[in-house]
Amino acid sequence: QVSLVESGGGLVQAGGSLRLSCAAAGRTISNYATAWFRQAPGKEREFVVAISGNSGATSVATSVKGRFTISRNNAKNTVSLEMNNLKPEDTAVYYCAQNVRTMIGLSAYDYVYWGQGTQVTVSS
């Protein structure tokens, strides 16, 4: 049984910061690519950032480049998303997802394990 649980969402003013965490159970998170997606009302689920298994190479969407950073804590079996200089357009439900391979995928269809999502709301 594999489960992913996100935490850390909340309400923040524009320019503020949040740190999201994804805790994995039933799997060694460092062996597989782990990604964060987000979905705003009326929009499709959007790739945000990901980290590959093993090497820890990262991929970041242009919309968040320079503001969001993904990292992995192997001891805790978690992946975190540090979000800085948040903007109202970052408002969405953020989902943690894990691939079945080490390589990063940019499509939601590349990921088979998903968390329940955590709400991030950025006010003006």
Side-chain angles (χ1 to χ4, degrees):
Q1 184 177 1
V2 177
S3 65
L4 301 173
V5 180
E6 305 99 330
S7 62
L11 175 65
V12 65
Q13 285 191 300
S17 299
L18 285 173
R19 185 178 180 89
L20 308 183
S21 293
C22 174
R27 214 177 188 215
T28 301
I29 200 166
S30 63
N31 289 344
Y32 306 94
T34 305
W36 290 92
F37 288 78
R38 65 187 182 187
Q39 189 165 21
K43 295 186 177 181
E44 297 294 320
R45 193 162 296 188
E46 174 191 21
F47 174 84
V48 180
V49 64
I51 184 167
S52 70
N54 297 331
S55 73
T58 60
S59 182
V60 186
T62 57
S63 61
V64 302
K65 188 170 293 184
R67 300 188 297 119
F68 290 14
T69 303
I70 190 169
S71 62
R72 186 170 64 218
N73 187 321
N74 292 342
K76 294 183 177 181
N77 210 38
T78 59
V79 167
S80 296
L81 176 62
E82 180 71 28
M83 305 186 294
N84 298 310
N85 192 25
L86 283 160
K87 303 176 180 180
E89 52 263 44
D90 295 320
T91 295
V93 177
Y94 283 71
Y95 297 90
C96 176
Q98 193 165 64
N99 208 344
V100 296
R101 303 179 66 179
T102 59
M103 64 183 294
I104 291 170
L106 302 183
S107 170
Y109 295 108
D110 294 323
Y111 297 86
V112 297
Y113 300 110
W114 291 84
Q116 83 288 350
T118 185
Q119 177 70 48
V120 172
T121 303
V122 184
S123 62
S124 300

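These values consider heavy atoms only, across backbone and side chains, with no hydrogens, waters or symmetry-generated copies. Counting begins at 1 with the first residue of the sequence.
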Could you go through the side chain to side chain contact (heavy atoms under 4.5 Å, CB included) check for L106 and S59 one step at a time? CA-CA 9 Å; L106 302 183; S59 182; 3.8 Å; yes

Going by chain and number, the hydrophobic cluster around L4 (ILVMFWY, side chain to side chain under 4.5 Å) further includes V2, V100, V112, Y113

Give me each pair satisfying salt bridge (charged side-chain N to carboxylate O under 4.0 Å, His left out) with a member in residues 41-54, each pair once, sequence neighbours excluded. R38-E46

Return the set of residues passing salt bridge (charged side-chain N to carboxylate O under 4.0 Å, His left out) with R101 (not counting sequence neighbours), or none when no residue passes. none

Tell me, with the steps shown, if W114 and C96 meet side chain to side chain contact (heavy atoms under 4.5 Å, CB included). CA-CA 6 Å; W114 291 84; C96 176; over 6 Å; no

Cluster overlap V79 with Y111, hydrophobic side-chain contacts below 4.5 Å: no

Could you give all pairs that pass the ring pair (Phe, Tyr, Trp, His ring centres under 6.0 Å) test and reach residues 44-93, with sequence neighbours left out? F37-F47

With rounding to the nearest 0.5 angstrom, report the CE to CZ distance, M83 to R67. 9.5 Å

Taking side chain to side chain contact (heavy atoms under 4.5 Å, CB included) as the test, write out the residues that go with S55, two or more places apart. S52, A57

Partner set under side-chain hydrogen bond (donor to acceptor under 3.5 Å, both in side chains) for N74, not counting sequence neighbours: R72

Are V120 and V64 connected, step by step, through hydrophobic side chains (Ile, Leu, Val, Met, Phe, Trp, Tyr) whose heavy atoms are closer than 4.5 Å? yes

So salt bridge (charged side-chain N to carboxylate O under 4.0 Å, His left out) across residues 51-64, not counting sequence neighbours, yields none

Scan the side chains in residues 11-30 for donor-acceptor partners under 3.5 Å anywhere in the protein, sequence neighbours excluded, and list what turns up.
from	atom 1	to	atom 2	distance (Å)
S17	OG	N84	OD1	2.9
R19	NH1	E82	OE1	3.1
R27	NH1	Q98	OE1	2.7
R27	NH1	N99	O	2.7
R27	NH2	N99	O	3.0

Do Q39 side-chain atoms and A92 backbone N/O form a donor-acceptor pair below 3.5 Å? no

Run V122 and E89 through side chain to side chain contact (heavy atoms under 4.5 Å, CB included) and show every step you take. CA-CA 8 Å; V122 184; E89 52 263 44; over 6 Å; no

Apply salt bridge (charged side-chain N to carboxylate O under 4.0 Å, His left out) to D110 and list each qualifying residue two or more places apart in sequence or on a separate chain. none

Are the side chain of Y95 and the backbone of E6 linked by a donor-acceptor contact shorter than 3.5 Å? no

Do the non-hydrogen side-chain atoms of N54 and N31 ever get within less than 4.5 Å of each other? yes

Any salt bridge (charged side-chain N to carboxylate O under 4.0 Å, His left out) pairs touching residues 48-64, not counting sequence neighbours? none

What disulfide (SG to SG under 2.5 Å) pairs are there with at least one residue in residues 48-93, not counting sequence neighbours? none

Connected hydrophobic set around M103, excluding itself, where side chains approach under 4.5 Å: none

Name of the residue among L81, T69, I70, I104 meeting side-chain contact (heavy atoms from CB on, under 4.5 Å) with I51: I70

